Amino acid sequence: MPAHVYIDELAHHIGEEVTLKGWLYGRRSSGKIHFLQLRDGTGIVQCVASRADVGEELFARADKLGQETSLILDGVVREDKRSPIGVELHAQRFSVVAEPTQEYPISPKEHGTAFLMDHRHLWLRSRRQVAILRIRSEIIRAIRNYFDGRGFTLMDAPIFTPAACEGTSNLFEVNYFDDKAYLTQSGQLYGEAGAMALGKVYVFGPTFRAEKSKTRRHLTEFWMVEPEVAYLDLDGDMDLAEDFLVEVVGQVLRNRRPELAVLERDLSKLESVQKPFPRIRYEEAIALLQRKGKPAQFGDDFGADEETAISEEFDRPVMIHRYPSQIKAFYMKRDPADPRTALCVDVIAPEGYGEIIGGSQREDDLATLEARIAEHKLPRESFEWYLDLRRYGSVPHAGFGLGIERTVAWLCGLHHVRETIPFPRMLEKITP
RNA sequence: UCCGACGUAGCUCAGCUGGUAGAGCAGGUGACUGUUAAUCACCGGGUCACAGGUUCGAGUCCUGUCGUCGGAGCCA
């Protein structure tokens with residue numbers, strides 16, 4: 001048997017006989033010649049089967065193969081201008097590994113979102129979904145590369161937590177040996193403990209929000225990467241977020257051109273993600289919204305409309321810093337220059353993709369933090385360990401969290417985050 | 001939770017003022033040696049989401065339930 005080759009390597013084997021192992025993506029026929037579209041996860045190639053090459057028996061068999069039949073096929077690689085990938089295979093022989101027991105539900109024609117979501121496990125085989133999952137994988141690799149190459153240590157935070165991290169959103173409650181526990185909504189507080197031990201850490205894992213949010217930007221289970229750095233202030237945090245995003249976008253652009261092309265992504269929108277990002281104060285953002293005729297005043301948080309209106313003004317991510325402290329989490333340090341505001345930053349992605357990063361300098365003073373916990377009516381006992389971080393060698397520190405799915409949606413140019421993760425978990429949607 | 005739209009063949013949809021259910025694709029059979037969502041001919045395929053109601057008669061009108069989608073709020 002000729003050597004097994006993957007489709008994305010075929011261009012290096014022109015003239016050779018090779019073996020492909022894959023699935024039938026589509027089939028056309030023209031009497032004395034059959035065209036089999038074979039996919040193997042790395043690409044799709046057309047295999048030409050003529051009666052003269054494969055013989056009477058296989059030729060008749062080829063005409064009956066159903067979509068998604070798994071098969072192993074030997075053939076000679078030929079250069080061909082008509083092929084989208086520049087080559088096609090002249091089949092010599094093939095064997096069927098398994099025939100579908102029934103008709104494959106996802107035909108090459110149009111389908112609605114509801115149907116495709118119900119068949120998500122099969123939808124993943126489509127050209128478009130494969131491209132998205134590859135880009136997601138590349139984004140995660142770029143994130144790890146970035147931090148691993150800069151002295152950060154990966155630190156996993158627990159998924160089960162005894163109480164709310166931030167006290168702001170609804171959590172999933174689980175039974176923990178007849179006691180209550182919650183699925184984490186953020187690894188940040190644990191990341192802070194890590195930063196005091198290791199200096200620079202990043203937490204990377206799934207997070208859970210039991211919000212009844214039914215929008216294109218929300219999932220109940222999503223992934224976040226959360227760097228945390230000791231002796232870092234807000235300005236340093238913004239520098240880090242900016243440098244990080246430029247590197248991640250750059251790596252995706254370098255390594256995933258073909259996938260971005262499948263998605264018909266406008267690359268100029270990603271190529272403009274360069275330093276420096278605009279940095280505007282919250283109050284400047286309010287003024288900007290007012291100039292655009294949006295009702296906004298100090299104390300308002302920004303909804304999707306406002307975020308989109310702000311992002312329209314810039315060709316790259318925009319950093320909005322120093323929000324009013326009362327609309328932000330208890331652990332954020334207040335700005336000594338203006339105690340109404342917190343030393344925090346949100347990064348809004350371009351093109352209306354919304355908030356992808358939220359970060360802040362953390363409150364490092366024990367007494368102030370104790371007061372905040374009381375103000376927010378949080379269970380003090382659950383935070384004693386966190387307060388210890390301020391009792392024993394407290395230092396200024398900062399970090400941020402990046403939502404993976406929103407980043408994937410932005411870089412891929414997707415309308416909805418449900419396509420950015422293999423099996424999305426949404427309000428009233430937990431299967432497949 | 002609120003607002004709106006939708007639910008008809010495996011899929012995507014049409015179905016007017018209430019009068020015996022349609023198309024394209026997919027599937028099956030056949031033709032075709034270069035197709036790119038091939039083309040052409042023929043064939044099979046329906047609990048019109050579900051439950052009530054109005055009517056001589058309901059896919060169509062009314063009420064309720066369920067489901068899906070979009071948006072808001074909430075949230076990242």
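Quantities reported herein were computed from a predicted structural model and do not represent experimental measurements. Letters A, B, ... are given to chains in the order of the sequence lines, protein chains preceding strands, and every chain is numbered from 1.
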Worksheet item: So, A:Arg82 and A:Asp80, do they make that salt bridge, N to O below 4.0 Å?
Response: yes
Fill in: Ion pair A:Glu351/A:Lys269, N-O distance below 4.0 Å
no
Discussion item. OP1 or OP2 of B:U36 versus the side-chain N and O atoms of A:Arg127: is any pair under 4.0 Å?
Written reply: no
Worksheet item: Can you find an N or O donor on one side and an acceptor on the other, under 3.5 Å apart, linking the side chain of A:Ser107 with the base of B:C25?
Response: no
Worksheet item: Is a side-chain donor or acceptor of A:Arg150 paired with a backbone partner of A:Tyr146 at a separation under 3.5 angstrom?
Response: yes
Worksheet entry | Proximal nucleotide (of B:C32, B:U1, B:A76) relative to the A:Lys212 side chain | B:U1
Worksheet item: Looking at A:Arg216, does any N or O in its side chain come under 4.0 Å of the phosphate oxygens OP1/OP2 on B:G71?
Response: yes
Worksheet item: Under 4.0 Å between a side-chain N/O of A:Arg209 and OP1 or OP2 of B:A76, yes or no?
Response: yes
Worksheet item: Quick one: is B:U29 close enough that its OP1 or OP2 comes under 4.0 Å of any side-chain N or O from A:Lys64?
Response: yes
Practice prompt. May I ask which nucleotide in the shown strands pairs with B:C13, Watson-Crick or G-U wobble, both distances under 3.5 Å?
Written response: B:G22
Worksheet item: For A:Phe222 and B:A76, are the ring centres under 5.5 Å apart with planes inclined under 30°?
Response: yes
Worksheet item: Taking atom types as they are modelled, is there a donor-acceptor pair under 3.5 Å from the base of B:G34 to the side chain of A:Glu88?
Response: yes
